[in-house]
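Below is one structure, written out as structure tokens, with a few remarks after it.
Order of the sequence lines sets the chain letters (A, B, ...), proteins ahead of strands, with each chain counted from 1.
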Amino acid sequence: MNSAIKEDDEMPQDDGLKIGKYTFKSRLIVGTGKYPDFQTMKDSAVASGAEIITVAVRRIDFNAKDNMLSYIDLNRFTLLPNTAGCYTAEDAVNTLRLTRELDVFKTDMVKLEVIGDAKTLYPDNEELLKAAKILVKEGFTVMPYMMDDPVLAKKLEDAGCPVVMPLASPIGSGLGIRNPYNIKIIKETVSVPVIVDAGVGTASDACKTMELGVDGILINTAIAGANNPVKMALAMKQGVEAGRLAYLSGRIPMKLYAQASTQMEGIVF
Amino acid sequence: MKKLMKIDINGKEFDVSDGITVQNLIDELKLDIKSTAVAVNKTIVSKSGYREFLLNENDKVDLVTIAPGG
């Protein structure tokens, strides 16, 4: 009997990543920060298969030699503005209000982060929730970067966030998923999709994170900072896809002792 | 000769013609309007208001666009 996969419809069904009223095929979102140059940023984004890429909103640098936008195909990628560097709800809200005037943003999706501490870049829970409530009321599709805290996840869901984005470990740390149990509890606590944002270090982290059953992952530093960002972007794509497929396929339970995979019946000696 | 006034653009002082609008400033700086957002004295100016919005002496203008980020 040929057990090889023959038809797509024999594969576990994956109906894509839902973020509010939007749906995406790719479950990997990538950042655009910290690349050695814009060409590598572009090639990595393409290799990752991501449909959403995050960007910051900053004052125009009149001395810049190169324009980031000329490397981004707006028909291919949905730009997701972030609020990196904002320490208060007010600053984050005002930053995102600015995006309404930027035609490069084709959706109302925003990545909301309100930082509470410069050393850990951990979010400020109170300010985050405050900003989320204001932005939801203003019609934004709010994607909050948050601590891996199930109680806060529920509050953000109740505030109207159509997705929650707990961290795996601190931004740029590459420590991987530090509390997989909390991520699982968050996934069971909220009914909106869960996207793990920050901390993934390499492809196995991405795979293991997806095996937990989360809906997506946002990665920047682990790709941009790799020796070969383009190849790492492809590795992350495959890690995310493998992890999702393994989750949908249902892993075997762990057992303490061996269970023979070869039958004993018909043994000769 | 046109009268000049000082305004702050992205943290730097510039001399511009007295009584110019946000639209005049964008044209002068040859900015791509689609990828530029404007705030004057920390208040966002909507695109539809660029032609009417007059800049005044000592205004602080922020001209904003996208930048790399995670």
Side-chain angles (χ1 to χ4, degrees), chain A residues 29-38 41 45 53-64 66-72 74 79-85 90-91 93-105 111 113 121 145 171-172 197-198 218-225, chain B:
Chain A
I29 301 172
V30 297
T32 58
K34 296 202 248 181
Y35 280 94
D37 52 71
F38 288 141
M41 174 204 80
I53 59 175
T54 63
V55 295
V57 180
R58 291 287 182 267
R59 282 172 164 176
I60 294 170
D61 176 6
F62 294 109
N63 298 317
D66 217 350
N67 179 4
M68 177 186 186
L69 254 181
S70 59
Y71 291 84
I72 298 172
L74 292 174
L79 297 191
L80 177 65
N82 72 20
T83 57
E90 191 187 357
D91 286 351
V93 167
N94 284 332
T95 298
L96 293 174
R97 282 175 180 155
L98 271 172
T99 65
R100 289 232 148 125
E101 302 302 322
L102 291 163
D103 296 343
V104 292
F105 296 114
K111 174 181 162 176
E113 49 185 307
L121 295 179
Y145 153 73
I171 293 172
D197 178 8
L218 198 161
I219 304 173
N220 188 347
T221 306
I223 296 173
Chain B
M1 220 177 88
K2 271 186 182 171
K3 206 181 147 200
L4 295 177
M5 64 175 181
K6 283 190 195 309
I7 60 167
D8 180 297
I9 304 172
N10 289 358
K12 278 186 184 164
E13 204 171 76
F14 287 85
D15 287 318
V16 297
S17 302
D18 197 4
I20 64 165
T21 63
V22 167
Q23 184 65 50
N24 295 147
L25 185 66
I26 285 171
D27 294 342
E28 184 73 22
L29 293 167
K30 296 184 174 65
L31 297 178
D32 171 25
I33 198 160
K34 286 183 177 170
S35 57
T36 305
V38 183
V40 178
N41 302 323
K42 300 288 175 193
T43 300
I44 297 165
V45 183
S46 69
K47 275 196 166 49
S48 57
Y50 288 177
R51 287 181 191 284
E52 286 79 43
F53 199 105
L54 287 168
L55 294 171
N56 296 307
E57 180 100 35
N58 299 322
D59 272 350
K60 290 190 190 308
V61 182
D62 285 307
L63 299 169
V64 172
T65 191
I66 64 160

*Is there a donor-acceptor pair under 3.5 Å between the side chain of A/Thr54 and the backbone N or O of B/Gly69?*
yes
*How would you list, in number order, the residues of residues 25-33 of chain B that have a heavy atom less than 4.5 Å from chain A?*
B/Leu29, B/Leu31
_Proximity breakdown for B/Ile44 and chain A, heavy-atom pairs closer than 4.5 Å_ = side chain
_So which atom in B/Lys12 and which in A/Asn63 form the shortest heavy-atom distance, rounded to 0.1 Å?_
NZ-ND2, 4.2 Å
*Distance in Å, A/Leu69 CG paired with B/Ile66 CD1, rounded so as to fall on 0.5 Å steps*: 4.0 Å
*Can you say whether A/Phe38 sits under 4.5 Å from chain B via the side chain, the backbone, both, or neither, judging by heavy atoms?*
side chain
*CZ of A/Arg58 to OG1 of B/Thr65: how many Å apart, nearest 0.5 Å?*
12.0 Å
*Against chain B, work out which of A/Asn220, A/Thr221, A/Val104, A/Leu98 has the most heavy-atom pairs shorter than 4.5 Å and name it.*
A/Leu98
*Engaged part of A/Asn94 at the chain B interface, taking heavy atoms whose separation is under 4.5 Å*: backbone
*asked:* If we define contacts as heavy-atom pairs under 4.5 Å, which of A/Glu101, A/Arg100, A/Arg59 has the most with chain B?
replied: A/Arg59
*Quick one: what part of A/Phe62 sits under 4.5 Å from any heavy atom of chain B, side chain, backbone, both or neither?*
side chain
*State the OG-CG distance between B/Ser35 and A/Asp103, to the nearest 0.5 angstrom.*
8.5 Å
*chain B contact via A/Leu80 - side chain, backbone, both or neither, heavy atoms under 4.5 Å*: neither
*chain B heavy atoms under 4.5 Å from A/Ile29: which part of the residue, side chain, backbone, both or neither?*
neither
*What distance separates B/Thr43 OG1 from A/Arg97 CZ, expressed to the nearest 0.5 Å?*
10.5 Å
*Of the non-hydrogen atoms in A/Ala56 and B/Pro68, which two are nearest, and what is the gap between them?*
CB-O, 3.7 Å
